[in-house]
Each structure stands twice: as C-alpha cells, then as structure tokens.
Amino acid sequence: ARRDPHGDSDDGFSLTYEFENGLVLNHRGEHIRNSHGFNCNVTVYGREAYMVTGYTGETAIHGQESARYEGGAAGDLYHDGAERNIAAFHQAVLEGDTSNPTLAPSIASNYAAILGRDAIIKGEPLTWDAMLAEEKALDVNLSEMRE
C-alpha cells in the first residue's frame, strides 16, 4: 500500500491457516492510517458455524442454532486487555498463584504467528513441520531489557 513500508507489520494482509481436521481460520489485518479505522480480524469457519472476532469491535459465532453465540463487544484489547492482564497478574501475585495458565497458549500463538509470517515472506504455503525443520533462529534484541 506504500512505496516505502516500514515497521513490524505490513499495511494489509490476509493469511489462511488450514488444520488437519478441516478447520479453516483466516486472519486479516489492515494497518493503514487512512481514517478507515484499525482493522485486525480473525474469522474461523467450522462445519456448523463461523466466528468473527478481532482486536476491536464485536465478537460472535454465527450459524446453526446449537452453535450460535451472540457474543458482545471485544472492547479495545490493547487498552482494556492490558488492564485485565495486569489485574489478573496482580491477583495471582497476591494469591501466590504461579500456575501461569496463559503461558502455553501464548507460546503456541507466537509460533502460529511466526509460521504465518514466514509463509507470507516465502509467498507460498508453509507447513508446521517444514517450519520446525528449518531450525531457524530468531534474532532477539534484549539490549533494552532492565532488571
């Protein structure tokens, strides 16, 4: 969308994940400051229903009566989500809860994002096994970390 894109995200993208069980998930993002608003959504298609969710706006499951969920407003996950995460972390510290139930799904989510990014860079489908077989190291800049 721009002659000289910069930053850590393309201006616009659409990425489709296909799972062995037939589930198809499409993630699209738009990061263009053109007064359209921020759009970063996920649509999950199932056999009996589909779900639409994103970083802002409404979240719902549409489909057959048994699979329907009216959902509600996601809020602004950058602001509201950060507040909820900080509050949950604070509560866990007060209670001495070290279970950290979001760790495993967070790691899986980051791996899935890396898989998608690498597929986009390659411009072709990429499997999980092929990505792991590359054994590619990611450069991490920790120079700004403080104790």
(request) Identify the heavy atoms of Asn110 and Ser106 that sit nearest to each other, and give their distance. (result) ND2-O, 2.7 Å

(request) For residues Asn26 and Ser14, report the shortest heavy-atom separation together with the two atoms involved. (result) ND2-OG, 3.0 Å

(message) So if I apply the side-chain contact (heavy atoms from CB on, under 4.5 Å) rule between Leu25 and each of Val44, Thr16, Leu15, which one comes out positive?
(response) Val44

(request) Mark yes when over 12 heavy atoms from residues, nucleotides or ligands other than Arg68 sit less than 6.0 Å from its CZ; otherwise mark no. (result) yes

(request) Using the rule that two of Ile, Leu, Val, Met, Phe, Trp, Tyr join whenever any of their side-chain heavy atoms come within less than 4.5 Å, decide whether Tyr111 and Tyr17 are in one cluster. (result) yes

(request) Locate the shortest heavy-atom distance separating Tyr50 from Thr43; write the atom from each residue and the value. (result) CD1-CG2, 4.3 Å

(request) Answer with yes or no whether the side chains of Asp129 and Thr127 bring together a donor and an acceptor at under 3.5 Å. (result) no

(message) Could you measure the distance from the CD1 atom of Ile121 to the CZ atom of Arg117? Nearest 0.5 Å is fine.
(response) 5.0 Å

(request) Considering non-hydrogen atoms only, spot the tightest contact between Leu126 and Ala130 and give its length. (result) CD1-CB, 3.9 Å

(request) Examine Ile120 and Val24 and state if one hydrophobic cluster contains both, with Ile, Leu, Val, Met, Phe, Trp and Tyr joined whenever side-chain heavy atoms are less than 4.5 Å apart. (result) no

(request) Following the transitive rule for hydrophobic clusters with a side-chain heavy-atom cut-off under 4.5 Å over Ile, Leu, Val, Met, Phe, Trp and Tyr, establish whether Val52 and Tyr69 coincide in one cluster. (result) no

(request) Decide if atom CD of Glu95 counts as having more than 12 heavy atoms of other residues, nucleotides or ligands within a radius under 6.0 Å. (result) yes

(message) Please give me the minimum heavy-atom distance between Leu115 and Met131, naming the atom from each residue.
(response) CA-SD, 3.4 Å

(message) Distance check, rounded to the nearest 0.5 Å: His79 atom NE2 versus Arg84 atom CZ?
(response) 10.5 Å

(request) Report the distance from atom CG of Asp118 to atom CD of Glu134, rounding to the nearest 0.5 Å. (result) 6.5 Å

(request) Treating Ile, Leu, Val, Met, Phe, Trp and Tyr as nodes and any side-chain heavy-atom pair under 4.5 angstrom as an edge, say whether Leu132 and Phe19 lie in one connected cluster. (result) yes

(request) Determine whether Met51 and Leu23 fall in the same hydrophobic cluster, where Ile, Leu, Val, Met, Phe, Trp and Tyr are linked whenever their side-chain heavy atoms lie under 4.5 Å apart. (result) yes

(request) Work out which heavy atom in Glu70 is nearest to a heavy atom in Ala60; give both atom names and the distance. (result) O-CB, 3.6 Å

